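Here the structure comes first, spelled out in structure tokens, and everything after it is commentary.
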Amino acid sequence: MPGKATKKNHLTLDHNGRITVENTVLHIEGMLTHQSIPVLKKTIRKHRKMLVSSIDLAKLKYIDSTGVVFIDWLRKKLFPGAEVRHADAKTQKALETFSSQGVKIPKPPREAGFLEAAGNILVQTWNAFRDILYLTSEIILWSFYGIFTSRGRRKGSVSQQMVLIGSNAVGIVGLLSIVLGLIIALQSAAQLRQFGAGVYIADLIAISMVREMGPMMTAIIIAGRSGSSFAAEISTMKVTEELDALRMMALNPIRYVVVPKFLAISVCMPLLVMLSIILGIFGGFIIGLTYLDLNLVTYFNQTINILEPKDLLIGLSKSVFFAWVIVIIGSYFGFRAEGGAEGVGKVTTSAVVASIFAVIVFDAIFSLIYMF
Amino acid sequence: MPEPIIQIQNLTTRFGDRIILDQINLDIYPREVTVILGESGCGKTTLLKSITGLVTPEKGEIFIFGRPFTESDEKKYKETLQRMGVLFQNGALLNSVTVKDNVAIPLEQHSHLDPELIEKSVAVKLRLVGLTHAMHLLPSELSGGMRKRAALARAIALDPEILFCDEPSAGLDPLSSAALDKLILTLKEQFNMTILVVTHELASIHRIADRIVFLDEGKILFTGTLEDAKSCGIKTVETFFETGSF
């Protein structure tokens, strides 16, 4: 049973609003806004058993939309059936305009169960695989045409891409390759010296740089540098409808946007890998010279003797394959972008992660193949 | 005439060597819809952004609610910001969260309301703009007009005293545009809101404007009522109201 509220109870008072209960009438005075409601609501909850038959708004100075929601809440949750009285015309209009009664809040979409989620992942993976195959075939087809004709792409776009992908990456690839050669040599020099086998540092550096570290390191740098830029550029073009505009001008977006990158990276990557190999060997030579007392002639004779043309061929063929992987993954994620800036950011991150992952996995596969 | 709610004194804004706003003096009066109009590139949006503090002017002072609107007193600055709402030209919704969460942000951050009332309040705002059904959608799943309406719901989440709207009708169909104008008028009448609108949609201006501010090359060419504007004797202004073009 609701208790009686015959006495005048000052429930709460703050600088904005005031609520009193007198003879089953709840009086709301002053300001009823989102600032005053939290205090009023907290206090009035303690007195929820009071009998209130009506809510009097005669002394209400101002009500905002949250105030209307609050009155609806009072009438629904605390004092069912209480009617609103003495609301002036403006308040009455506000009560009508901002009433939350009858507003149905839709339920958030149901989350998929385990099996449904697993099925979705399977379908998405299959779709992604299929899309990558389609994209790859289209890129290879148009790139093959692109070797013979520059139609369908902007003039000078291949050389422009070669500058962006190749020339601009020379510094970072070169510097990291020297450091890499230094690190590998430093790590092995002490052990080799113990056995009097210091001269074999040249063999170790040469084989590892030519067959593995040169192509892989360069590919990782290019994936981070250019792969991200491919994905960002294409995805931005997608969200700003530039790709649609190309289609409407009867231009194939792959031919116009991707082919120049594909051709440019196919040329630049082996060159960058060659640079990386040479500078990595040079980095190893610095340690051989300073720590293992090797001279220039001994070090480079040893290097040339251990290397076979097959090694260089393996390194360079891998580099071309990695280059294609980077372009295809960057383009795939770029074309998948949805939404605005958020979508661009997402696909760029995914493209870099996926390219680096793919480069390392394919490198492992190549290593296995070449072992036999 | 009531005290102005916004006072702009000698406002000069420059981007590099280009003067965008040149010695602007302007008073905005409470409970009125003031429309800033002018040709593209005349400085309308820059004026709006200068008033809201998003662009730092080179010279001049801005008073809002009778006190200088500067970041030097952080508490008062934030307090003033909470009494203002801005509807950006492209909505500027946060893309990573749903429409509901976008509208709830000001209520969650600047009020102590419990989640139940916040949810109801958000639902009411979204019903006002006709987007209750899109509550759980991401902004990227909305059309341009829906995004703008959701942005308006967020701008009025805290029932601001001043509402700034940057080209609210741009990109909307005539019906949506008229509905948005009706909502702007409801907000003005219901909550005594002062509304500053940047637009050059003639139909919209006729529906909502109490006062016109006509900008031309960074200077105010005319201020006054719509009726006065039509016969002010300034050729550019009169031509605009006659032909709808500059």
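The shown structure was predicted, so the numbers you read here are calculated from the model rather than taken from an experiment. Numbered from 1 within each chain, the chains take letters A, B, ... in sequence-line order.
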Main-chain N/O of [Y] paired to [X] side chain as donor or acceptor, under 3.5 Å:
X: B/His136; Y: A/Pro106; value: yes
X: B/Arg127; Y: A/Ser99; value: yes
X: A/Gln35; Y: B/Ser111; value: no

Is any side-chain heavy atom of [Y] closer than 4.5 Å to one of [X]?
X: B/Lys120; Y: A/Asp72; result: no
X: B/Lys125; Y: A/Val69; result: no
X: A/Val68; Y: B/Val124; result: no
X: A/Lys41; Y: B/Glu116; result: yes

If you draw a 6.0 Å radius around [atom1] in [X], do more than 12 non-hydrogen atoms from other residues or ligands fall strictly inside?
X: B/Gln82; atom1: CD; answer: yes
X: A/Arg130; atom1: CZ; answer: yes
X: B/Lys49; atom1: NZ; answer: no
X: B/Glu141; atom1: CD; answer: yes
X: B/Lys76; atom1: NZ; answer: no

Region of [X] in contact with chain A, defined by heavy-atom distances below 4.5 Å:
X: B/Thr186; answer: side chain
X: B/Leu158; answer: both
X: B/Lys100; answer: neither
X: B/Leu128; answer: side chain

Inset, instruction - Heavy atoms only, distances under 4.5 angstrom: which of B/Leu94, B/Leu107, B/Asp114, B/Asn95 has the most pairs with chain A? Name it, please. - result: B/Asp114
Legend entry - Option in B/His133, B/His110, B/Glu119 with maximal non-hydrogen atom pairs under 4.5 Å from chain A: B/Glu119
Which distance, rounded to the nearest 0.5 Å, do you find between the [atom1] of [X] and the [atom2] of [Y]?
X: B/Phe191; Y: A/Thr33; atom1: CZ; atom2: OG1; value: 11.0 Å
X: B/Asn192; Y: A/Lys90; atom1: CG; atom2: NZ; value: 3.5 Å
X: B/Leu117; Y: A/Thr66; atom1: CG; atom2: OG1; value: 8.0 Å
X: A/Lys104; Y: B/Met135; atom1: NZ; atom2: CE; value: 14.0 Å

Inset, instruction - Please flag which part of A/Lys346 lies under 4.5 Å from any non-hydrogen atom of chain B: side chain, backbone, both or neither. - result: neither
Legend entry - Option among B/Leu187, B/Asp159, B/Ile156 that satisfies the side-chain contact (heavy atoms from CB on, under 4.5 Å) test with A/Ser65: B/Asp159
